[in-house]
Amino acid sequence: MQVNNNFEPVIVAFCCNWCSYAGADLSGTNRLNYPTNVKIIRVPCSCRVNPMFILRAFQKGADGVIICGCHPGDCHYTSGNYFTRRRITLLYSMLDFLGIERNRTRLEWVSAAEGAKFAATMQQFTEDVRKLGPNRRLEDLRCRKQ
Amino acid sequence: MQRIGVFVCHCGTNIAATVDVKAVAEALGHEPGVVISQDYQYMCSESGQNLVKDAIKEHNLTGIVICSCSPRMHENTFRKAAASVGLNPYLVEIANIREQCSWIHKEIATATEKAIILGKAAVAKVHLNAPLTAGESPVVKRALVIGGGIAGIQTALDIAEAGFDVDIVEKEPTIGGKMAQIDKTFPTLDCAACILTPKMVECSQNEKIHIHSFSEVSDVKGFVGNFTVTIKKKARFVDETKCTGCGLCTEKCPMKKVPNEFNMGLDNRTAIYIPFAQAVPKVATIDPNHCMMLKTGKCGVCSKVCSVGAIDYKQQDQFIEEKYGAIVVATGFNPIKLDKYDEFAYNQCADVVTSLELERLMNAAGPNGGTLLRPSDKTHPHKIVFVQCVGSRCDDSKGKPYCSKICCMYTAKHAMLIREKYPDTEVYVFYIDVRTPGKNFDEFYRRAVEQYNVHYIKGMVGKVTPKSDGKIDVQASDLLSNEQLHIDADLVVLAAAIEPDKTARPLATMLTTQMDTNDFFTEAHPKLRPVESATAGIFLSGACQGPKDIPETVAQGSAAAAKAIGLLCKNSITCNPCVAHSDELMCNGCSSCEKVCPYGAITYIDKEFRMPDRTTAIRRVASVNPAVCQGCGACTVACPSGAMDLNGFSNSQIMAEVDAICK
Amino acid sequence: MDKNLKEQILRASGVNVLKCMRCGKCSGTCPSYDEMEYHPHQFVYMVEKGDIEKLMNSASLYKCLTCFACVERCPRNVEPAKVVEAVRLAAIRQQGNNHLTPAMIPDMIDEDIPQQALVTAFRKYTK
Amino acid sequence: MQEAMIKRAKELLADGTVNRVIGWKKGEFFYDITPAVFETAEEIDADFVFDDFTSANVSKYLVKESKKEGKILAFLKPCDTYSFNQLIKEHRVVRENVYIIGVPGGPKLDIEKIKAKGITGVLGVKNENFTLKIDTLYGEETMPFYEAICGKCADCKSKKHVIYDELIGEDGDVLDSNRFDMVEKLENMTAQERFEFWREQLSKCIRCNACRNVCPACTCEKCVFDNPNSGVENKAASDSFEENMFHIIRAFHVAGRCTDCGECSRVCPQNIPLHLLNRKFIKDINALYGEYQAGADTTSRAPLNTYDTEDCEPSIVHERGVE
């Protein structure tokens, strides 16, 4: 594998408005550091995350995509994250089947109270993706940064 | 052509210290469609808002991006500002460069770079924002209070006072809760029953208040202003409408050996029982686990002695459905179980009791008629040891991580009452810290020490050992004199930590409200919205939100009532316009979306369409009820054709953000 | 204050002394309390302050029975017995302050001592 | 069989039960057979065919046909009935407007496999004791029958008709097939090998959209890939990523709905084994959420439209198979 110490992965995090986005805010309020590579997109619920968004992110040059939602049973909309769990499990399994590195994708449950978990998760995920190097398997060549 | 304004907030130094706000404003000024890009010290201040408003008017903006704190904080502020000058509030986007940038990053260069990207994503999104108009949905003018303790009672009384109907759902046969079990209250030492029971009676007499005792909430549907709640009225085998509460049945019932929950199991009751004399409703209840008639079909004494024929052994659980505009949760607390603290010998020795048990032991209506006697041999204790912080302030593996808050004060109260009534008794209190913030609280504690000579010892009890002579050896360290003590006590009282009621967790799931890791309900904002849950229309009252003493509970109960009344006063509430909608031309009518909708907001209609070949066809298409839809977006992903989309978080908007971040 | 020594003890014990809330339950539960000059809660507090020399020179070190009652009962999982053990190890393994020198060994050899014990003793006391 | 079907079709047309018949008709060559709608007995006599090459699934045509005036007679093979059932479940066909006659299924033959043997100028085939006698312009050739059958028939999952009004011939049973063998083989490769396998396969894609157009689950009024507002519209594969995106999304959209009829791979002009993507989802669904056969009934909930609170976490992907 190509080792590039200067490699800074682009990481897209989809966070549900009620738990994980609030958890991310809490890690900010508590000044818990995590890498700048992570950019958060707010969605009402993790079940709003269409597989197309994930593929689109990879296509446009993301190196890792993480989805965060309320813990199962705690969904603001009662059942949204249960659907997310099925959809995303199947999608990740399919990406794995196509030979895409497993550590580029992740789903994590982060509650509004888990600021520390949010920061730790982002730190770990960024490290995992950094180790994998740039995303070469799913990117749109036209979009590659020069 | 879009005309977008970008406004970058310094938030004092909160943002400006780590993000080069000028550079952010400069960079975003070059984004397509951006016609003005400014920074300002406090964008949320009045002058900051005026700056935004003036820019909207002057540049005739079609959308604005505020780079500031979390949208959870000030999104509404800026939406209102935009609306006040005629810009649709949903044409406002927030880039969160405080909580998610300046506060978590230290290097100015990278933090600024990230802030610019977040800003670009927001600009990309706002390009695709559509003006949205919020619909309205009616408010049902009735409130539900879950839990009939002092918190629930106070809330219900206040809401009823404002003229709205209130239902109280209480899982026990009577309202009153923990306060009904308490003997005296700190810091005034007035009798709990004397101040609580009039309120209970007021509840039963107020025609606006309807008490569902011995009932539980079994299902909650709907949303703010329009909840549909199913209440399970558990079978009490007594017709509530007929029972006069005369108590004859409880005297005659032959099954007299049932541990009395109200007295913490320190004495017995009968299988048919009224928890206590001032119970509301004062109606008997048959305990099916102990009633001979229900278990074996033989007995029937209560039915024979009941002059009004209220006994009904065939009674079944009943489910009633009711609509509410607001729900107040007041599920309260319980002391924790002390089984795992072997060192305190709670399970081995009858004379090691919890503080709540002591309340009953000292209460005039308690098992000893108000005389403090040891449970084991009914003798007067002469040396009493109180142990504070049992199970509180622990590591997660050992107990509860939080301070239970009320123990310091009630222990001081107990010590004082005992010294007052039995001056020959020696009282020791082992404490880690004595915490007495509250009006007249520290004075109260000092009185216990100075006036009543209660021995306060800084240190924790390590071990409690019952001895063969009936005494209890209490081994503890005195940290200040640096010695280990042994006290031959007659009675040991443990200040058990308090925890939320076990019914709260499943209830939170039903209500889709959040809880913290300790199962306390999470308030919408820890400082500014302490009695609201994050779910609209659900309010929090009392200890279900965190440990509280009675004055605080009553204050919060009234606060929750005020919030609920504020909601019930409205005839209709503005709906969230960020709801799903279906493009009928693309809809397949396949029902996938309907199956994943948690609110049943999607229905199907057969609709006539003009086809491209100028024929007409009838097609089955999805239709979303915007008043019922809560905007989760589950349907948008279930829909294979992409006909279903979500206002405010549309496919194209989210993809524009993705593109902006990845570029 | 010997910072390295504190570090060594913290690492060897795996204990976070900052978790202590000074309730004294460890000392309240300690069966050797009266024998000790410094008590379990003092071990935790003094290690936190870096006041370790006194502990290392105190006989209290060897009065701890390692019964783990304090570990079992500490509400905050501080594990004082592990701190005591770590201080004890630090005392035993103090560098340049060996209890024995190789030269002293031959005179002390007893025919009944297993060879392995000698090797172990060398390893333990000469480093 | 063909005679019996023609006879019955003409009877039903004559007594007014139906006003159209959907079946198959020959193309330019005897083996390029396409689905066709017949309105008169004469048309049927002239063109109707049912033989070793009538492998096409006609269910999808009924999405449009069943909404027309009058009733249509459809001959459905077992695999076609699963597709039809699934379409009923999704309200895509009007059941009352279709008269279904179940007819026996394959194995059907794949002309490409015959041509692959170097046999050209094929005029006709005959199966004699599992040896295929092939009549060509250049004389008779033979090959083993099973080497010439369609990929989808080789992995046949069921000979049972799950829906019909009447049957011609015997009904069969659900079979124990080895259809997941290839998926499993891929799962056991390393990620790099899997990536290379799919890179090679998907790079062949010319975005002719045949897989989508033939798929009985892909019946959207407007496909997201044709919709300029969807954000993913693209008509042609312009670079290496787009066929990834197209095929993953297409497989995802039919996940839990695909009956595994195998039409996508059958029609692919580039011979991409697209059915493996669908089967991967089916295999995962079976393993993680319980056995589920789309189209087996018309009432059960699709696995992606339901959930269990005890479902596994996506991290299960990390715990299984080869990295």
Side-chain angles (χ1 to χ4, degrees), chain A residues 8 10-12 14 16-19 21-22 24-45 47-54 56-63 65 70 73-80 83-84 87 111-114 119 122 143 145, chain B residues 69-73 94 96 98-107 110-111 113-115 117-118 121 125 505-506 508-510 512-517 522 534-535 576 578 596-599 630-639 642 646 648-649 651 654-655 657-663:
Chain A
E8 286 299 338
V10 175
I11 290 172
V12 179
F14 291 98
C16 87
N17 182 42
W18 304 96
C19 291
Y21 195 88
D25 278 354
L26 183 62
S27 67
T29 312
N30 292 343
R31 312 297 198 275
L32 301 170
N33 192 1
Y34 57 84
T36 48
N37 309 61
V38 178
K39 313 284 190 304
I40 295 171
I41 294 180
R42 185 164 69 128
V43 287
C45 175
C47 70
R48 177 65 187 94
V49 180
N50 196 310
M52 279 195 282
F53 303 160
I54 299 168
R56 172 71 159 228
F58 282 127
Q59 177 186 18
K60 296 287 178 186
D63 300 295
V65 175
C70 309
D74 291 350
C75 178
H76 179 77
Y77 304 102
T78 325
S79 56
F83 291 116
T84 310
R87 289 166 184 166
S111 82
E114 293 175 325
M122 291 305 152
C143 299
K145 280 182 203 164
Chain B
C69 54
S70 172
R72 296 170 58 88
M73 201 74 149
I94 310 283
N96 184 345
R98 192 178 79 173
E99 280 85 347
Q100 294 178 5
C101 192
S102 71
W103 275 355
I104 46 170
H105 305 311
K106 295 193 179 76
E107 263 182 62
T110 50
E113 189 189 350
K114 176 170 172 176
I117 292 175
L118 293 176
K125 186 179 182 191
R505 173 62 70 173
T509 304
M510 274 189 261
T512 71
T513 48
Q514 285 149 28
M515 288 189 136
D516 62 19
T517 45
T522 309
T535 307
N576 169 18
C578 295
V596 299
C597 179
Y599 304 101
Q630 297 295 294
C632 68
C635 53
T636 59
V637 184
C639 177
L646 190 64
F649 293 95
N651 288 327
I654 295 176
M655 277 203 250
E657 284 183 272
V658 168
D659 291 357
I661 288 173
C662 296
K663 234 183 264 166

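Throughout, protein chains are lettered first and strands after them, A, B, ... in sequence-line order, and every chain is numbered starting at 1.
Thr110(B) OG1 to Glu8(A) CD: the interatomic distance, rounded to the nearest 0.5 Å, is 8.5 Å. Put simply, OG on Ser102(B) and CZ on Arg31(A) are 7.5 Å apart, with the number rounded to the nearest 0.5 Å. Ile661(B) contributes atom CD1, which lies 4.0 Å from atom CD1 of Ile41(A) (distance to the nearest 0.5 angstrom). Rounding to the nearest 0.5 angstrom, the gap separating the CG atom in Asn96(B) from the NZ atom in Lys39(A) is 13.5 Å.
Only the side chain of Phe83(A) comes within less than 4.5 Å of a heavy atom in chain B; its backbone stays farther off. Contacts between Ala119(A) and chain B at a heavy-atom distance below 4.5 Å are absent for every atom of the residue. Heavy atoms closer than 4.5 Å to chain B are found in the side chain of Phe14(A), but not in its backbone. For Val43(A), the parts lying under 4.5 angstrom from a heavy atom of chain B are both the backbone and the side chain. The part of Ala112(A) that comes within reach of chain B is its side chain, from C-beta onward, which places non-hydrogen atoms under 4.5 angstrom from that chain. With a 4.5 angstrom heavy-atom cutoff, Arg87(A) touches chain B only via side-chain atoms. Neither the backbone nor the side chain of Asp63(A) comes within less than 4.5 Å of any heavy atom in chain B.
When all heavy atoms of Tyr34(A) and His105(B) are compared, the closest pair comes out as O-CE1, 2.9 Å. Between Pro51(A) and Val637(B), the shortest heavy-atom contact is CD-CG1, 3.7 Å. The two residues Val38(A) and Lys114(B) have their closest heavy-atom pair at O-NZ, 2.8 Å. Minimum heavy-atom separation, Tyr77(A) to Gly631(B): OH-O, 3.8 Å. The minimum heavy-atom distance between Pro44(A) and Leu646(B), with the atom names listed, is CG-CD2, 3.5 Å. Listed here is the closest heavy atom pair of Ala22(A) and Arg72(B): CB-CZ, 3.4 Å.
Ranked by heavy-atom pairs shorter than 4.5 Å toward chain B, the options Pro35(A), Ser111(A), Cys16(A) are led by Pro35(A). Taking chain B as the reference chain and counting heavy-atom pairs below 4.5 Å, the highest number among Asn30(A), Asn17(A), Ile11(A), Asn37(A) is found for Asn17(A). Heavy-atom pairs under 4.5 Å with chain A were tallied for Lys106(B), Glu99(B), Gln100(B); the largest tally goes to Gln100(B). Of the listed residues (Leu26(A), Thr29(A), Val65(A)), the one with the most heavy-atom contacts under 4.5 Å to chain B is Thr29(A). The candidate with the highest count of non-hydrogen atom pairs below 4.5 Å against chain B, out of Thr84(A), Val49(A), Ile40(A), Leu32(A), is Ile40(A).
Using a 4.5 Å heavy-atom cutoff, the side chains of Thr36(A) and Glu113(B) are not in contact.
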